[in-house]
Every structure is written in structure tokens, then in C-alpha cells.
Amino acid sequence: MSRGPGLRVVTGGLLTTVQDQGRLGALRYGVPRGGAMDRFALYAANRLVGNAPDEAGLEILASEVCFEVLQPSLLALTGAPIEAYWNDAPLPLWTTILARPGDHISLAGKRHGWGARSYLALAGGVEVPVVLGSRGTHLSGRFGGLAGRVLRAGDLVMLREQPNDPLRRAGQAWPAEARPPYGPKPSLRFTAGPHQHCFGATSSEALAQAELRVSDHANRMGYRLDGHTVELTRLCSLPSLGVLPGVIQVPPDGKPVLLMADAQPTGGYPIIGVVCAPDLDVAAQLLPGDSLQLKPIGEDEAIEARRNYARWKATPLEPDDTVAQLALAGG
Amino acid sequence: MQPLGEGALLLECTPVDTLTNRLMLALADQVTALDLPGIEVALPAWASLMVLFDPLCLTRTRLEAVLTALVREVEPAPARPARVVDIQVRYGGEDGPDLPEVAAYLGLSEAEVIALHTSQIYRVMMIGFAPGFPYLGPLPAALDLPRRSTPRTAVPAGSVAIAAGMTGIYPARLPGGWHLIGRTEAQLFDPLRDPPTLVLPGDGVRFNAEAQRRKGAEGSDE
């Protein structure tokens, strides 16, 4: 089925991995959901190139990265507003392009105020073995993705299937208004968690008013947040229970931890709140030192947020003629 | 039963004991068997159940009603384990560096700690923390002690540990706060195996003390 190599990694960057929408089915084996940190951006990149939404693409942590294109390929780079090039010309983001053999796609690693992770989808999808129901890389477990590791110079990114009518898709752009509310200092909406009895009566409000920062202890498992200490009214020793990305845990030191894609599936710290799924993709675009706020909302608002999110995912894609010419012309 | 965000429900039960664990396991199986559109996954833990669902497809009120009905009817999973997995353990020495401290804390000899640890069949209450890490219990009361005050940044793979009324096995090199009393060669997790874990919730685990070997007599390099 494989159609051979689509890209050669020239510069692998800090943390470039194969990811998809994760492996929910393996939670019961103690395996994290994993998958893309910014699920929306990968979803959009896949749609832009005509892939199924659960197809695997590349997650690229903001750094200098370069790929050489090895066969004619429809590509789309989404996520962080990163400085990126198609040969010598700026690469249009959230846009389908048709790249030719010998072309170089490079990311300069420079961000414009915000952004942490970019997603590169290739028409046909990335060919790596499915492990426990997913092609995503589980780095600490060293499985999934490309041999369970980050991509390095010299690696070949194999393509899975023949794409459908590639020319029709070139030039498609994802409308800016149909994306999560990305930006600097985001306000992440959360609903109250189940262990309010462990916290002071005004703990949630205090958390919401705090100027929070992503600490240096931040990775694909979770972000420890600086800037506020949550008041724990008593020592809450909980038996380990199921948790999920978005959960805000409070360890005994009161420093909240926001669980992200590779969070372990069980945890024993009290949960003060849960960031709604759409805003977790916004959180995925934060790096250590970035500011954020947490905003308490009710369940209805969280469901409405999901409804909008579903609407954005289904946004109609129409090729823009000017963009299409650019997308075909290359740099 | 409480929401855990807009797309999950958490059912927490007391007391935290084996019967509750058997109920959670049975409940998880029943929720999965419902095959109700909108339910994504049911994850049992020691004394809780997390159900992930799509709130645009299934309302929380409806899911709660379904779960409440199941809770009323559910029969606990069998007390008797479907199978018992034997795990060979080298206790003490470099393999179980905390054994002397544990014995001193509990007022027992090292041999008594080993005898107690190998004296019964434990139930796999849940898999969590890391791929393939089994939470086993209940531990004999004489072995109950709190977690280490300072967790280790790296615990060797295969370490057999106790803490807080539980015993467990580190499937890989991981950070950990439990007391290390021994080590096994058993491979707890292999992503390419089906199932990937050596044991599953509801299984029994029996530890067997391997004859003590002299330091350096075997070839493990970790």
C-alpha cells in the first residue's frame, strides 16, 4: 500500500514526532491517550490535504526544522503562526500546497507572539505501524510513530496511500474565523472539578484571577503552572482515579498542573477543574514562560464551546484562486 | 457521580476496598457492552469509574440515568481471580534497596517482610500510572507504610514495591515514590503483545521469592 518516501528530514528540530488523534482504547492498559497536542490543527491539516481526520501527520515543536520533498505531495502546515518557507518564499500556513520533488519546506522556529506546535499533513498520510490502535509516538514508552522516537536528520517520512484529485485541493485555505481562539495570553475556560471539598471556598475564583504562567516543568504530559498557589483546606488523599487531558490537578504544594495529551490515565491529586476540550488545543500552543488565564464557566457554556468547535471542524473549504496560483507556483 | 469536564463523568465510591473494585470492574464491562452511541470509553480504577462521552451526541443527564440504572443492578465481578500469574522476585540487596528500611520501620525482620509479601494472592485492582503498572492489593496490614518522603527520579524496570497498602511492579524505568523491596525479570508491558500487559484488572498475582544470589552473580546490567 505504501507509496514510498514523501519527505526526507534534513533538520529534525527539537521535537518532531508522528502523531494522530491518539489511542483512547489503550487507557485501560495504563497507556496515555497521546496523539496531537493541538488536535484541531492536525485535524485541519488532514482535511486540507484530503485525508481522513484520524490520519497521522507530523507534530513539530517550534524550532528550526527542514524537510526535502521526495515526490509530488499535497501538504498543509497548520498550528503555530511560525515563520515557514517553501524553498525561499514564505509558506502559506493553513493552506494546501502542491510541492514538487526537490522542494524544501523549512520552519525557522521563530514565533509571532505565541505558538508552540505546528502540524504538517501529507496527502495519503504518514506510513508507520499502528501500535495499540494509533500511529502516534509515545516517547517515554518508546513505541508508536517512527520507532517510538523523534524524527532526526536523514529519516524518511513514508506516505501511505494515493491521494484523491490532488490538483483540486491545492490552494484551499482554512478560514481564520473557523479556528480555536488561538493567541497570546489565552483565557482557558474550565468547568469545576469533582473535588471542591479539598479546596477553600474561593479557590476557583482566586485561580481565575491569577496571572498564570507555564513553568519550565512543561511537556507533552502536562504543564505545571506558576503564579498562583491553590489553597488546599485539608490533606486530600484520593485513591488513583481516571484522569484525562484538560484536568487541572492540585498536588500538595498547591501549584496547579494542567494535564496534556501524554498525561498518565490515572492520578491521585484532587481536581479543581477541567479545561474544556476546545481550549486545550489553545493551551497546546503555549511554551514555558507564556502567560495564560483560567476562566470558570458552566457546563452549558462548555458544551456550546464544543458545538462551535464541531462547526469549525466542518467549515467549508473552497479553493481561493489567487492562493491556488501561489500554492501551485511554489517558491 | 460528578462531571469531569463537559465530556466525562466520574463515579467515585467508598469504601476503597476489594468489593468496590469488583463492582467498578463489572460496571465498566457493562457500560462497554451497552455500546451506546456517544460513549467513548469506560475506565475502571481502584474505587472509581471514568466514562468519556461526546456531549453533542449524548447528554450527561441521559448518561447519568443509564449509569444509575446499571449501578442498581450490577453484580460485582468474581472475587476469585480468573487466573493467577506467578512472579519470581529477587528480594533485598541491590534489587530491593529499601528492604532494610522497610523492615526496620515495620518492626519486622527482612525475612518476615518477604514471607508476608509472598504469603497471599493479590488482586490486580487497576492498571495505571504508567503503561502496564499494576496496582495490587490489599497488602497484609503488617506491611502498611506511607510512601517515601522523597520520591526517586528513576526506579529500575522490574522493581517490586510497596506503599500505602498496595504493592506494584514498575514496568519500566520510571520516577517513583514507593519502597523498593525486590525486582523481577517479568516483562509487565509490551506494546506489540495482545493484550500488552502481563496482567489485567481482576487477575491474581502471586510473588515467589527467588533463591538469593550473590551480588554480581548474574548478568543484568541495569
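Hydrogens, waters and symmetry mates are skipped; everything else that's a heavy atom, side chains included, is used. Throughout, protein chains are lettered first and strands after them, A, B, ... in sequence-line order, and every chain is numbered starting at 1. Worth saying up front: this structure is predicted, and the values here are computed from it rather than measured.
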Pick one of side chain, backbone, both or neither for [X], based on which atoms fall under 4.5 Å of a heavy atom in chain B.
X        : answer
A:Phe143 : side chain
A:Val131 : side chain
A:Ala310 : side chain
A:Pro239 : side chain
A:Leu241 : both

May I ask you to name which of [options] has the most heavy-atom pairs under 4.5 Å with chain B?
options                               : result
A:Arg28, A:Arg306, A:Glu299, A:Arg307 : A:Arg306
A:Pro32, A:Gly30, A:Gly25, A:Ala302   : A:Gly30
A:Cys276, A:Gly193, A:Gly141          : A:Cys276

message: Quick check with a 6.0 Å cut-off and a 45 degree axis cone: is A:Lys313 positioned over the face of A:Phe40's six-membered ring?
response: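 Cation-pi check for A:Lys313 and A:Phe40: fails.
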Taking side chain as everything from C-beta outward and backbone as N, CA, C, O, which of these in [X] sits under 4.5 Å from a heavy atom of chain A? Side chain, backbone, both or neither.
X        : value
B:Leu49  : neither
B:Leu52  : side chain
B:Leu4   : both
B:Ala172 : neither

Between [X] and [Y], does any side-chain N to carboxylate O distance fall below 4.0 Å?
X        : Y        : answer
A:Arg39  : A:Asp281 : no
A:Asp155 : A:Arg149 : yes
B:Arg90  : B:Glu185 : yes
B:Asp17  : B:Arg22  : no
B:Arg60  : B:Glu6   : no
A:Arg189 : A:Asp279 : yes
B:Arg183 : B:Glu94  : no
A:Arg224 : A:Asp253 : yes

Identify which of [options] forms the greatest number of heavy-atom pairs closer than 4.5 Å to chain A.
options                              : result
B:Asp194, B:Leu174, B:Leu43, B:Val16 : B:Leu43
B:Val41, B:Leu56, B:Thr197           : B:Leu56
B:Met24, B:Glu40, B:Met126           : B:Met126
B:Ala130, B:Ala47, B:Gly132          : B:Ala130
B:Ala45, B:Ala42, B:Pro195, B:Pro131 : B:Pro131

- request: Give me the one residue out of A:Thr233, A:Ile272, A:Ile271 that meets side chain to side chain contact (heavy atoms under 4.5 Å, CB included) with A:Phe199.
  value: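 Output: one option passes, namely A:Ile272.
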- request: Determine, using ring centers only, whether B:Trp178 and B:Phe129 are less than 6.0 Å apart.
  value: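 When the ring centroids of B:Phe129 and B:Trp178 are compared, they turn out to be at least 6.0 Å apart.
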- request: Using a cut-off of 6.0 Å, state whether more than 12 heavy atoms not belonging to B:Arg80 lie near its atom CZ.
  value: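 Not buried by this count: 12 neighbours or fewer within 6.0 Å.
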field: chain A-proximal positions within residues 160-169 of chain B [heavy-atom distance under 4.5 Å]
entry: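 So far as heavy atoms go, nothing in residues 160-169 of chain B approaches chain A to under 4.5 Å.
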- request: Let me see the working for A:Arg135 and A:Asp20 under salt bridge (Lys or Arg N to Asp or Glu O under 4.0 Å), right down to the final yes or no.
  value: CA-CA 6 Å; A:Arg135 293 192 166 84; A:Asp20 61 9; 5.7 Å; no
task: Check whether any side-chain heavy atom of B:Leu58 lies under 4.5 Å from a side-chain heavy atom of B:Pro37, and answer yes or no.
output: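 B:Leu58 does not reach B:Pro37 side chain to side chain.
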